[in-house]
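Computed from a prediction, not measured in an experiment: that's the story for all the values here. Hydrogens, waters and symmetry mates are skipped; everything else that's a heavy atom, side chains included, is used.
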2 protein chains.
Amino acid sequence: MGKPKPGSARGEGRADRGLTSLHQRILSDIQGNIMSGRWEPGQRIPVEHELMLQYGCSRMTVNKVLTQLAREGIIERRRKVGSFVCRPQSQSAILPIADIKLEVEALGLPYRFEILQRHKRRATRADRTLLRAEEALPMLELVCRHFAKDEPFCDEYRLINLQAVPGAAAEDFSLISPGAWLLRQVPWNEAENRIRASGAAPDVAARLKIKSGSPCLIVERTTRSMAAAPITFVRLTYPGNLHELVATFTALTSATK
Amino acid sequence: MGKPKPGSARGEGRADRGLTSLHQRILSDIQGNIMSGRWEPGQRIPVEHELMLQYGCSRMTVNKVLTQLAREGIIERRRKVGSFVCRPQSQSAILPIADIKLEVEALGLPYRFEILQRHKRRATRADRTLLRAEEALPMLELVCRHFAKDEPFCDEYRLINLQAVPGAAAEDFSLISPGAWLLRQVPWNEAENRIRASGAAPDVAARLKIKSGSPCLIVERTTRSMAAAPITFVRLTYPGNLHELVATFTALTSATK
DNA sequence: CAGTGGTCTAGACCACTTC
DNA sequence: AAGTGGTCTAGACCACTGA
């Protein structure tokens with residue numbers, strides 16, 4: 001029972017650590033042991049009961065920590081056997097997908113964009129492939145050009161599924177770019193991104209004022225709502241040395257043994 | 001409430017939902033409300049006490065769920081005020097960084113690699129920039145070529161900090177590629193990745209058997225151990241249309257209001 | 001000062017897995 | 001059968017913060 005003096009027990013704990021919660025301290029301890037390599041991949045870590053004694057706390061407290069670590073993929077838990085340090089399998093980078101306006105402004109340059117083409121039509125077979133859709137949905141096709149100062153920064157080719165986002169038909173995108181507008185309309189979505197290098201196609205090269213065939217970074221993104229309807233396809237073409245994607249680390253792990 | 005017969009209360013809950021835990025059900029309910037847009041960004045969600053009554057469970061149970069959602073950035077919690085749906089700010093893509101061997105084998109082609117150059121030396125100023133290091137560390141410089149079947153697939157230029165990974169000096173990388181070897185040596189690390197398109201430099205073009213200046217996807221990665229020592233720098237050059245990076249979604253959120 | 005979340009307890013029962 | 005984790009309870013005290 002909490003009877004004897006739960007207060008005093010917690011009081012001690014607090015005094016011990018001063019600032020952070022007991023959770024945090026246990027979590028940091030274990031993470032430190034793993035990240036530094038003191039606990040190697042595959043190694044078994046103390047069971048809940050041991051940690052409970054070691055930190056003088058209840059089982060729920062250590063359980064919370066271990067559950068969290070398991071959710072992050074740092075450890076793997078197996079009933080009756082114990083918890084084990086996962087072995088990092090591959091790495092994965094987290095690539096921020098900022099609005100182009102923000103990308104340009106991050107360079108300290110003034111941003112503007114213009115709509116070059118706009119067509120309403122039914123999805124062709126090619127459109128359906130790009131959108132990962134089966135039906136001949138009503139579509140809006142846009143070609144758009146983004147500038148940093150007065151230089152073309154990025155060429156945008158976009159398809160919007162008007163069935164999923166009917167409002168797009170009435171929006172002229174004079175004040176807000178299609179990408180930013182869509183993000184506001186459908187806040188929670190998921191996307192598949194494909195990144196490659198390729199020579200600029202003639203039409204794109206003309207719009208970007210570069211030579212046809214010169215190296216470009218191409219980002220293609222197919223977006224669907226969490227409810228699974230395809231929303232939009234976009235192909236962004238950045239002139240070669242003008243743009244760089246920067247992503248930070250993450251280690252992905254695999255179950256061990 | 002739970003008082004009369006906690007066991008039966010849980011029994012009911014279990015029967016209600018059949019398979020998953022109460023946690024999971026509450027979590028899914030709330031996530032569903034948010035992702036579908038029923039609960040809009042910025043909106044306040046029920047407080048713990050309400051959810052507790054709604055699901056007939058203890059406060060710890062709903063607290064666990066809300067804490068988890070807050071950790072994932074789906075909601076923001078503020079004392080005395082309540083919990084609010086976050087507003088997705090930007091998106092970010094998760095880019096898997098697989099071993100090149102796996103990339104090639106995923107294409108169904110046989111993989112091999114060869115070491116073309118290998119030099120031991122002290123870090124030059126240029127090396128230090130790439131490695132994000134200040135000192136003139138002892139370094140191993142490698143040039144390596146990866147094949148898919150008999151075609152060059154990727155050119156690798158690598159610097160290894162021998163102070164952080166002394167074992168590299170004795171390893172000849174005949175059986176295991178430098179990248180895979182390093183991942184085994186320093187399992188937990190963090191990295192910064194830079195991705196860009198560029199024309200192939202003459203020496204790289206020669207090694208890849210492509211024309212100088214033809215479009216290439218370039219991935220540069222600087223890796224450090226969690227303990228902060230720089231480990232390695234690598235520049236991977238993929239011939240343009242030979243390679244594509246694929247990343248899946250994620251929505252990043254920002255605090256609301 | 002009162003509402004809200006943050007953290008913690010001392011149990012309890014159950015499920016799963018290996019022995 | 002026993003060890004281990006998975007989940008849950010019915011409280012408790014505290015800290016913060018807005019009215």
**Request:** Compare side-chain N and O positions of Arg79(A) against OP1 and OP2 of dA15(C) and report whether any pair is under 4.0 Å apart.
**Result:** no

**Atom pair distance, as rounded to whole Å: CG in Leu69(B) and C1' in dG5(C)** =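 Rounding to the nearest Å, CG of Leu69(B) and C1' of dG5(C) are 14 Å apart.
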
**Prompt:** Of all the nucleotides listed (dT7(C), dT9(C), dG18(D)), which has the minimum atom distance to the side chain of Met60(A)?
**Reply:** dT9(C)

**Message:** Nearest 0.5 Å, please: how far is CD1 in Ile97(A) from CG in Asn193(A)?
**Reply:**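 Separation between the atoms: 4.5 Å.
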
**Asked** Which one, dG5(C), dT9(D), dA2(D), comes nearest to the side chain of Ser58(B)?
**Response**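 Comparing dG5(C), dT9(D), dA2(D) against the side chain of Ser58(B), the answer is dT9(D).
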
**Prompt:** Any idea which of dT7(D), dT9(C), dG5(D) is nearest the Glu48(A) side chain?
**Reply:** dG5(D)

**Message:** Given Phe233(B), which partner from the list Arg132(B), Glu220(B), Glu192(B), Arg158(B) fulfils the side-chain contact (heavy atoms from CB on, under 4.5 Å) test?
**Reply:** Glu220(B)

**Message:** What I'd like to find out is whether the side chain of Ile100(A) reaches to under 4.5 Å of the side chain of Phe113(A), using heavy atoms alone.
**Reply:** no

**Request:** Check each residue of residues 27-34 of chain A for a non-hydrogen atom within less than 4.0 Å of any atom in DNA chain C, then write out the ones that pass by number, or none.
**Result:**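 Per residue number, the list is empty: none.
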
**Prompt:** Hey, does the side chain of Thr61(A) come within less than 4.0 Å of dT9(C)'s phosphate (OP1/OP2), counting only N and O?
**Reply:** yes

**Item:** Separation of dT17(D) P from Phe84(B) CZ (nearest whole Å)
**Value:** 14 Å

**Request:** Kindly indicate whether the side chain of Thr223(B), heavy atoms from C-beta on, has any atom under 4.5 Å from the side chain of Val186(B).
**Result:** no

**Prompt:** Between the base of dG18(D) and the side chain of Arg78(B), is there any donor-acceptor pair under 3.5 Å?
**Reply:**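 Answer no: no donor N or O sits under 3.5 Å from an acceptor.
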
**Request:** Could you check how far CD of Gln68(A) sits from P of dT7(C), rounded to whole Å?
**Result:**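 Distance, rounded to whole Å: 12 Å.
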
**Protein-nucleotide distance (Lys80(A), atom NZ; dG5(D), atom C1'), rounded to Å** = 12 Å

**Asked** Hey, are Glu48(A) and Arg77(A) close enough for a salt bridge, meaning a charged N less than 4.0 Å from a carboxylate O?
**Response**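 Yes, this pair counts.
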
**Request:** Output all residues satisfying ring-ring contact (aromatic ring centres under 6.0 Å, His included) with Trp181(B), sequence neighbours left out; order by chain, then residue number.
**Result:** Phe173(B)

**Asked** After noting the C-alpha distance and the side-chain angles of Arg221(B) and Thr232(B), does the key distance pass the side chain to side chain donor-acceptor pair (under 3.5 Å) rule?
**Response** CA-CA 8 Å; Arg221(B) 175 155 55 242; Thr232(B) 187; over 6 Å; no

**Request:** Measure the distance from CZ on Arg59(B) to P on dC13(D) and round it to the nearest whole Å.
**Result:** 13 Å

**Request:** Ignoring the backbone of Arg77(A), work out which of dC8(D), dG3(C), dG5(D) is nearest its side chain.
**Result:** dG5(D)

**Prompt:** Does dT4(D) have OP1 or OP2 sitting under 4.0 Å from an N or O in the side chain of Ser83(A)?
**Reply:** no

**Prompt:** Can a side chain N or O of His23(A) be found less than 4.0 Å away from OP1 or OP2 on dG6(C)?
**Reply:**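 Answer is no, no contact under 4.0 Å.
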
